[in-house]
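Working notes, structure below.
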Amino acid sequence: MAKVLVSDPIDQVGIDILSQVAQVDVKTKLPPEELIKIIPEYDALMLRSETKVTKEVVEAGTNLKIIGRAGVGVDNIDVPAATRQGIVVVNSPEGNTIAAAEHALAMMLSLSRHIPDANLSIKENKWDRKRFIGTEVYKKTLGVVGLGKIGSHVASVGKALGMKLLAYDPFISKERADQLGCTLVDLDLLFSEADYITLHIPKTQETAHLINREALAKMKPTVRIINCARGGVIDEDALAEFLAAGKIGGAALDVFEQEPLGESKLRELTNIILTPHLGASTAEAQVNVAIDVAEQIRDVLLGLPARSAVNIPGLTPDVMEKLRPYLQLAETLGNLVAQLAGGRIEQLTIRLQGDLASNETQPIVVAAIKGLLSQALRERVNYVNAAIEAKERGIRIIETKDASVRGYSGSLHLEAKGSMGEHSVTGALLGNGEIRITDLDEFPINVPPSNYMLFTLHRDMPGIIGKIGSLLGSFNVNIASMQVGRKIVRGDAVMALSLDDPLPEGILSEITKVAGIRDAYTVKL
Ligand SMILES: NC(=O)C1=CN([C@@H]2O[C@H](COP(=O)(O)OP(=O)(O)OC[C@H]3O[C@@H](n4cnc5c(N)ncnc54)[C@H](O)[C@@H]3O)[C@@H](O)[C@H]2O)C=CC1
Ligand SMILES: O=C(O)C(=O)COP(=O)(O)O
């Protein structure tokens, strides 16, 4: 039975789903060395933001098939390392959207009305009303940095509160911003105009310390900054400095450069609200993300695709279902052409023809690469790491499309160039989804792939087919089907044989000794 490690607290509903297919061990707050020690036992890892899945953890996870993040941000996971190792990384892109947006809005209103300090004060037996005079958000300007799922919801509620909305997101269209009632502006304008700035961006190289001294200096002295996105998007030292000097009005932080927050000047400031990464911590969000991610882990352990894999772009279950026969075709042809070419492959050209050219092509290309590399890497290559493995091996991948129809409504042509020469194959699907190899090194044939195959390049002359048949017979190899393809009579030809049995050692050299045979290739599909 598969084993799943749950290394951060998740809702029981997720554990119940995982338990349908696996032994589930819940071990939270594991020290890094302990995680590295036990991870080799597990097929899957499910976590939130507390577990750090470093390169060392990934590399130790030799049995891992999937890492599931019960939430959005995957910045605590070394995704490139997982990708290289063929481990699917999934998240729950929408499960906690509302929770995080509501937390940001709660922070904004708490800042405006001093709710945390007023609460503390009354609990200290005071009745201080003067100290806590607030400001209204109505008619104030809210600057939303990152107008994605959470940013959009915050904007919509901000609109309903009567706020004027500015947004900065270089990847969002003006139409989408208009729909939300936001004016798209550049960052400098947002910094200088906003009364409230709320951050809803991932932490990337571009967004690290986006809010630094320079940015803070452009803001109004009354501005209030809310960060419920990621620590490190704000330079905490700079923020503390500006808050202490009264150069900005206030801040509310849910996320920090180091979590848990250790010694920090932020704790000493009065015009700041701090929460311990609670954005996603609602009962509803925790049920949503637990179901979303546990279902994906269950599916992947059952050999099914994941719906929100962050490292298999484009290959959702819907696409997988639609493209399944073509993926099979591409993988088979990739495997075939790699065996024909032999040796080290330097370049793979993939031509998608007819209907295939109009389909989503990226998964088909990945499937062809997976097939190509399966000779060298066996089960170590999968849809996650195929492209990166090809790149690391210096294999150039060229994808071309040709919408014209050649015989079949859709066909796929692969050409592999390598240290031992160049070979090409074409294949297509019949109406019932069966695969046909329709072309080999530009010779027309029409054979289904089979487990054991023999291909020859020979001179088209009488007697040759009989000789090959007798030779295979003498080695007790049964021929299931045979076909010859040629371009001109008595010119060169190819022969494709499907065999019931594997070819014994040594038979290939006997075949190439037959007069008229130029080359012979055995293939196992
Ligand atoms: N505090 C918490 O507990 C939670 C935090 N989060 C965090 O909130 C953030 C946003 O999450 P979602 O809205 O779900 O993600 P999303 O992917 O829907 O939205 C992110 C937006 O940021 C934009 N963006 C990317 N780079 C940018 C840049 N350099 N400048 C401006 N915009 C940029 C993208 O175009 C996108 O529209 C993530 O970092 C996520 O990890 C999410 C859930 C809970
Ligand atoms: O989903 C996210 O990106 C979050 O930051 C939520 O983190 P958590 O699952 O609460 O540790």
Side-chain angles (χ1 to χ4, degrees), residues 6-11 14 28-29 46-53 68-77 79 89-107 143-156 166-174 176-177 179-180 182 184-191 197-212 215 226-234 252-256 259-261 273-290 292-294 308 310:
V6 176
S7 62
D8 287 325
I10 65 157
D11 194 277
T28 59
K29 300 208 180 296
M46 183 158 172
L47 65 139
R48 285 173 59 193
S49 62
E50 282 173 43
T51 305
K52 308 294 171 232
V53 186
R69 169 27 169 148
V72 179
V74 290
D75 46 314
N76 52 327
I77 302 169
V79 178
V89 179
V90 302
N91 68 353
S92 171
E94 290 171 9
N96 60 24
T97 301
I98 300 299
E102 289 185 359
H103 197 69
L105 289 157
M107 291 287 224
V144 182
V145 181
L147 203 53
K149 291 181 285 296
I150 298 170
S152 297
H153 191 69
V154 169
S156 306
L166 300 180
Y168 170 73
D169 188 325
F171 309 105
I172 288 290
S173 67
K174 187 177 171 306
R176 172 72 184 143
Q179 240 175 33
L180 293 162
C182 288
L184 273 185
V185 292
D186 65 29
L187 210 43
D188 279 354
L189 189 67
L190 185 146
F191 287 158
I197 296 177
T198 183
L199 307 174
H200 301 289
I201 45 180
K203 186 177 172 214
T204 62
Q205 273 178 356
E206 290 76 42
T207 63
H209 283 194
L210 186 81
I211 308 295
N212 52 19
I226 299 133
N227 185 11
C228 291
R230 272 297 169 271
V233 167
I234 299 183
L253 307 182
D254 183 48
V255 285
F256 304 90
E259 292 184 8
L261 181 67
I273 300 173
L274 308 175
T275 51
H277 202 147
L278 292 181
S281 294
T282 63
E284 296 86 345
Q286 284 314 306
V287 168
N288 292 342
V289 297
D292 201 0
V293 172
S308 313
V310 299

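As the structure is a computational prediction, the values presented were derived from the model and not from experiment. In each ligand, atom 1 is the first atom listed, and ligand 1 is the first ligand listed.
An N or O contact shorter than 3.5 Å is missing between G71 and ligand 2 by distance. By the 3.5 Å distance cut-off applied to N or O atoms, N96 is counted among the residues near ligand 2. Considering backbone and side-chain atoms together, V72 places an N or O closer than 3.5 Å to an N or O of ligand 2. Residue S281 has no nitrogen or oxygen atom sitting less than 3.5 Å from a nitrogen or oxygen atom of ligand 2, judged on distance alone. Among the atoms of D169, some N or O lies under 3.5 angstrom from an N or O of ligand 1.
Here the protein heavy atom with the shortest distance to atom 2 (C) of ligand 2 is R69 NH2, 3.1 Å. Of the protein's non-hydrogen atoms, H277 NE2, 2.7 Å is the one closest to atom 5 (O) of ligand 2. The protein atom (non-hydrogen) at minimum distance from atom 7 (C) of ligand 1 is A229 O, 3.6 Å. Scanning the protein for heavy atoms near atom 10 (O) of ligand 2, the closest one is R48 NH2, 2.8 Å. In terms of protein heavy-atom proximity, atom 29 (N) of ligand 1 is closest to T207 CG2, 3.4 Å. In terms of protein heavy-atom proximity, atom 19 (O) of ligand 1 is closest to G148 CA, 3.3 Å. Of the protein's heavy atoms, F171 CE1, 3.8 Å lies nearest to atom 27 (C) of ligand 1. Of all protein heavy atoms, the one closest to atom 40 (C) of ligand 1 is V72 CG1, 4.0 Å.
Looking at heavy atoms from C-beta onward, R48 lies in side-chain contact with Q286 at the 4.5 angstrom threshold. Here the side chains of V293 and M46 are in contact, with some heavy-atom distance below 4.5 Å. Two residues are said to be in side-chain contact when any heavy atoms from C-beta on lie closer than 4.5 Å; I211 and F191 meet this criterion. Residues V154 and I226 fail the side-chain proximity criterion, which asks for heavy atoms closer than 4.5 Å.
Within ligand 1, the atoms closer than 4.0 Å to a non-hydrogen atom of N96 are 43 (C), 44 (C), numbered from 1 in the order shown. Listed by atom number, the atoms of ligand 1 under 4.0 Å from Y168 heavy atoms are 30 (N), 31 (C). Per-residue contacts place G73 under 4.0 angstrom from the following atoms of ligand 1 (heavy atoms of the residue considered): 41 (O). Near G73, meaning under 4.0 Å from any of its heavy atoms, are these atoms of ligand 2: 1 (O), 2 (C), 3 (O). Annotation for ligand 2: atoms under 4.0 Å from non-hydrogen atoms of S49 are 7 (O), 8 (P), 11 (O). Ligand 1 places these atoms under 4.0 Å from at least one heavy atom of D254: 1 (N), 2 (C), 3 (O). Near P170, with a cut-off below 4.0 Å to any heavy atom, the atoms of ligand 1 are 30 (N), 31 (C), 32 (N). In the vicinity of A100, heavy-atom distances shorter than 4.0 Å reach the ligand 1 atoms 43 (C), 44 (C). Each of the atoms 10 (C), 20 (C), 21 (C), 22 (O) of ligand 1 lies under 4.0 Å from some heavy atom of H200. Short contacts between ligand 2 and A280, defined as distances under 4.0 Å to a heavy atom of the residue, involve ligand atoms 6 (C), 10 (O). Heavy-atom proximity to H277, at under 4.0 Å, picks out these atoms of ligand 1: 1 (N), 2 (C), 3 (O).
Atom 3 (O) of ligand 1 has its nearest heavy-atom neighbour, among G151, A208, A280, in A280. Proximity annotation for atom 16 (P) of ligand 1: of K149, R69, R48, K149 comes nearest, heavy atoms only. Remark: among candidates I172, I150, I201, the nearest residue to atom 32 (N) of ligand 1 is I201, based on non-hydrogen atoms. Proximity annotation for atom 5 (C) of ligand 1: of P202, C228, S152, C228 comes nearest, heavy atoms only.
I98 CD1 to H153 NE2: the interatomic distance, rounded to the nearest 0.5 Å, is 3.5 Å. Taken to the nearest 0.5 Å, the CG atom of D8 stands 3.0 Å off from the OG1 atom of T51. R230 CZ to I201 CD1: the interatomic distance, rounded to the nearest 0.5 Å, is 11.5 Å. Atom CG of L184 is separated from atom CD1 of I172 by 8.0 Å, given to the nearest 0.5 angstrom. With rounding to the nearest 0.5 angstrom, the CD1 atom of I150 is 6.0 Å from the CG atom of N96. Rounding to the nearest 0.5 Å gives a distance of 4.0 Å between OG of S152 and CZ of R176.
With a 4.0 Å heavy-atom cut-off, ligand 1 is reached by the backbone of L147 but not by any atom from C-beta on. Residue-level proximity to ligand 1 for R230 is carried by the side chain, the only part with a heavy atom below 4.0 angstrom. Residue A70 touches ligand 2 through its backbone alone, judged by heavy-atom distances below 4.0 Å.
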**Request:** Could you walk me through whether T275 and H103 pass the side chain to side chain donor-acceptor pair (under 3.5 Å) test, one step at a time?
**Result:** CA-CA 10 Å; T275 51; H103 197 69; 3.0 Å; yes
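In this structure, D292 and N91 approach most closely via the heavy-atom pair OD2-O, 4.5 Å. When every heavy atom of A99 is checked against every heavy atom of T282, the shortest pair comes out as CB-OG1, 3.5 Å. The shortest heavy-atom contact between S7 and L47 is OG-CB, 3.5 Å. Closest approach of S308 and P93 over heavy atoms only: OG-CD, 3.6 Å. Summarising the geometry of L187 relative to Y168, their closest heavy-atom pair is CD1-CD2, 3.3 Å, with the distance given to 0.1 Å. Heavy-atom minimum distance, C228 versus D254: SG-CB, 3.8 Å.
In this structure, E50 has no heavy atom closer than 4.0 Å to ligand 2.
Considering L261, I273, L274 as possible partners of L253, the one that fulfils the side-chain contact (heavy atoms from CB on, under 4.5 Å) test is L274.
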